[in-house]
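All ligand and atom numbering here is 1-based and tracks the order in the structure. Note that the structure is a prediction, hence the values are computed from the model and not measured.
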Amino acid sequence: MEAADDLPSNPSDAPRFAAVLNRRAVMKGGLAAAAALGATGLVPFTGPAAKADSSASGFTFEEIEAGIDATHHVAPGYDADILIRWGDPVTSDAPAFDPMNQNAEAQSRQFGYNNDFVGIVPLSDDRALLCVNHEYTNEELMFPGLGDQEAVDFKDMTADLVAIEKAAHGASVVEIRRGATGKLVVVPGGAYNRRITADTPMRVGGPAAGHARLRTAADPTGTLVLGTFNNCAGGITPWGTYLMAEENFHGYFQGDDAALAAHPHAASLKRYGVPGGWYAWGRFDTRFDIAREPNEPHRFGWIVEVDPKDPTSTPVKRTALGRFKHEGAETILNGDGRVVVYMGDDQRFDYVYRFVSDKVVDPDNPAANRDILDSGELSVARFEADGTIVWMPLVHGTGPLTVENGFASQADVMIDTRLAADALGATPMDRPEDVQPNPVTGRVYVMLTNNTKRAADQRNAANPRAENGYGHIVEIAAPHGDHAAREMTWDMLVLCGDPKGDVGAQWGPGTTANGWFTAPDNAAVDPGGRLWVSTDGNRPGSHSNRCDGLWAMDTEGPARGSGRHFFRCPVGAEMCGPVFTADGETLFLAVQHPADAGVSKWAEFDRPSSFDDPATRWPDFQDGMPPRPSVVMVTKRGGGRIG
Ligand code: FEO
Ligand code: CA
Ligand code: CA
């Protein structure tokens with residue numbers, strides 16, 4: 001997924017000037033300049049390790065060792081318990097997991113595959129709803145005797161297997177409550193428990209609802225879509241709803257070159273990478289074949305809002321938040337009462353977005369906020385070399401977003417958000433993942449995971465390294481805490497990679513040999529306002545040759561930019577979903593695709609990983625039981641705040 005989802009499809013190169021980089025370097029000095037020059041090999045890197053001052057850190061936990069093995073590791077003095085695994089019962093009528101006898105009926109009642117985002121919606125002091133995305137499926141690790149299907153043109157996929165895959169996508173809502181030991185436990189069959197899958201009916205809201213480009217044979221109204229998939233990260237709104245971000249939707253559609261050339265919106269499809277051909281779904285369900293149902297791709301790539309407190313509610317695709325490869329949708333309540341949503345479009349050279357609602361949130365009346373995400377202003381970021389960000393509105397009829405340029409209405413601007421942002425001259429970034437506001441400090445953190453395709457002459461101030469295989473984190477400051485402001489400022493928090501290498505990495509002074517990482521992906525802010533970063537791309541044979549995991553990250557004072565390793569994934573897994581309970585005493589982490597990424601480069605497992613011969617059988621370690629993506633719950637032994 002990580003390798004496939006970052007093929008650039010943005011042909012625009014207008015803002016990618018080396019001159020911009022140099023101006024920024026001169027004006028900002030220090031970090032940016034050193035990084036820019038270091039990356040080109042002109043200045044040797046002088047590592048900060050010698051003057052390490054970990055006492056300045058806001059964290060006190062004892063760091064774990066970076067490395068690779070078959071299981072997970074957490075900092076000393078902490079427990080990391082498996083909370084819920086792929087196949088565990090969710091609804092009251094769910095059967096027990098039987099990996100040798102899977103079927104779609106069972107899977108649609110059990111916990112889905114590849115848990116990603118985890119959100120918490122409190123019900124009371126000791127009960128809450130856990131909202132978990134199931135991003136995608138790995139057929140070779142899910143199904144016995146199958147092996148990797150992409151290499152053989154999906155020849156062994158059947159209608160039954162595809163139906164299981166579709167049921168394993170989407171989301172789980174599960175009730176959790178304080179158990180006898182004092183730790184939180186899942187309530188199987190809880191009254192709120194539900195599964196959302198790739199076939200769950202959803203309504204369309206906002207400017208693109210009912211538009212001709214959203215109408216299909218099965219839905220002539222253009223307002224009722226079946227399902228959601230490739231839900232990566234997401235968010236929980238201030239009114240307690242759950243936002244699911246549809247990311248690499250292009251991969252689910254099939255069609256040959258002739259079908260693409262004949263498509264009425266071929267340029268749009270190309271900009272989104274449709275059809276991706278990652279799955280065999282189009283063979284068994286015509287809506288995933290662009291020749292049979294040309295408008296179905298327009299119905300994905302949105303943010304989906306779910307009311308988890310009403311298990312019978314119909315999820316809504318909120319088209320006012322734009323259509324792109326949405327990584328996440330983290331919200332912050334602005335000082336004026338409006339909700340602001342920060343979002344990244346995860347592809348090489350794509351953009352950072354912000355949505356500001358028209359209406360103010362009514363904290364005492366959740367029903368009044370029900371459709372608040374249907375009207376507001378979406379804008380896209382231009383990162384200036386002088387440290388300014390300009391948020392450029394994606395509003396039909398303004399600037400180049402006109403009929404003459406192919407945008408007939410606001411619906412067109414939203415369906416073709418990427419094309420509209422190209423026209424405005426947004427800044428092409430190194431794969432924007434989570435964009436995480438910190439409600440304590442008011443600052444916002446942009447995870448930029450990597451971009452090995454950026455050439456030296458495509459560097460810009462906010463993306464200062466060519467062939468950036470390491471990633472970086474940009475910090476945004478809203479003026480006077482106003483997240484609706486037209487202009488903000490930005491600075492570099494960290495340039496990832498090995499600080500002892502020659503890759504232009506820049507870390508704070510407390511960073512040890514275990515404390516650095518590459519490929520920042522998701523982020524969380526704990527109740528004390530401290531930043532935590534999870535990664536996707538540290539694996540055997542990678543730039544870091546260590547497993548993905550969770551790192552604490554200082555953002556304040558002399559330790560700013562220092563990483564500290566807290567949790568390590570089993571081999572082949574990426575780390576998703578970091579989220580803290582409001583008391584800061586429980587942390588949920590999602591271990592996604594264990595036994596998958598990079599395992600054939602692991603010295604202890606030099607072959608393809610499969611259901612029958614997996615690189616690890618985490619977390620059960622039982623013969624015959626495949627590896628299972630799972631949510632892990634971390635607590636401090638004896639209680640207390642994590643970190
Ligand atoms: Fe699904 Fe951008 O990670
Ligand atoms: Ca991600
Ligand atoms: Ca997050």
Side-chain angles (χ1 to χ4, degrees), residues 1-8 113-120 131-138 169-171 228-237 242-252 273 276 278 300-301 303 324-332 341-353 429-439 443-451 471 473 518-526 530-538 548-551 553 569 573-580 587-593 596-597 629:
M1 186 66 65
E2 192 279 335
D5 68 2
D6 61 2
L7 299 173
Y113 205 75
N114 273 344
N115 33 218
D116 197 305
F117 174 78
V118 182
I120 302 168
C131 304
V132 183
N133 284 357
H134 301 297
E135 188 184 22
Y136 71 101
T137 50
N138 297 67
H169 277 70
T228 184
F229 43 80
N230 214 274
N231 305 93
C232 195
I236 300 295
T237 65
Y242 160 32
L243 302 179
M244 304 169 65
E246 295 181 340
E247 195 189 26
N248 291 297
F249 65 95
H250 66 296
Y252 296 75
W278 295 0
F300 295 88
I303 295 292
F324 44 90
K325 293 180 186 173
H326 282 282
E327 170 70 23
E330 295 282 4
T331 61
I332 190 163
V341 189
Y342 286 99
M343 299 174 286
D345 183 355
D346 181 9
Q347 191 145 18
R348 290 168 173 154
F349 303 113
D350 265 291
Y351 309 133
V352 174
Y353 294 86
M429 309 294 286
D430 286 347
R431 294 187 54 199
E433 303 261 19
D434 240 356
V435 184
Q436 185 73 44
N438 181 336
R443 292 198 291 275
V444 182
Y445 295 91
V446 186
M447 306 296 125
L448 295 150
T449 197
N450 59 61
N451 180 356
I473 301 175
T518 67
D521 188 342
N522 297 121
V525 172
D526 70 21
R530 299 176 303 176
L531 183 65
W532 300 73
V533 177
S534 68
T535 65
D536 172 22
N538 299 268
D548 279 319
L550 184 74
W551 278 261
M553 169 66 62
C569 287
E574 75 171 271
M575 180 98 283
C576 305
V579 64
F580 291 84
L587 161 67
F588 295 106
L589 297 168
V591 173
Q592 195 189 66
H593 61 73
D596 178 19

Requested in this report: Please confirm if an N, O or S atom belonging to Glu433, backbone or side chain, lies less than 2.8 Å from atom 2 (Fe) of ligand 1.
Outcome: yes

Query raised in the report: Mind checking whether atom 2 (Fe) of ligand 1 has an N, O or S of Asp536 under 2.8 Å?
Result: no

Query raised in the report: What orientation do Phe229 and Phe300 show, parallel under 30°, tilted 30 to 60°, or perpendicular over 60°?
Result: parallel

**Report entry** Within-4.5 Å side-chain heavy-atom neighbours: Glu246 and His326
**Finding:** no

Backbone N/O of [Y] and side chain of [X]: donor-acceptor pair under 3.5 Å:
{"X": "Asn115", "Y": "Val132", "value": "no"}
{"X": "Asn230", "Y": "Asn248", "value": "yes"}
{"X": "Asn133", "Y": "Ala233", "value": "yes"}
{"X": "Asp548", "Y": "Cys569", "value": "no"}

Query raised in the report: Which single N/O/S atom of Asp346 lies at minimum distance from atom 2 (Fe) of ligand 1?
Result: OD2

Query raised in the report: Which N, O or S atom name in Glu327 marks its closest approach to atom 2 (Fe) of ligand 1?
Result: OE1

Requested in this report: Determine, using ring centers only, whether Tyr136 and Trp278 are less than 6.0 Å apart.
Outcome: no

Report task. Give a yes or no on whether the ring-centroid distance for His250 and Tyr252 is below 6.0 angstrom. Result -> no

**Report entry** Presence of salt bridge, Asp346 and Lys325, under 4.0 angstrom
**Finding:** no

Report task. State the atom name: nearest N, O or S atom of Glu247 to atom 1 (Fe) of ligand 1. Result -> OE1

Query raised in the report: Are there any protein N/O/S atoms under 3.0 Å from the Ca ion (ligand 3), and if so, which?
Result: Glu330 OE2, Asp434 OD2, Gln436 OE1, Ala523 O

Requested in this report: Please calculate the SG(Cys232)-atom 1 (Fe) of ligand 1-OE2(Glu135) angle and round it to 10 degrees.
Outcome: 90°

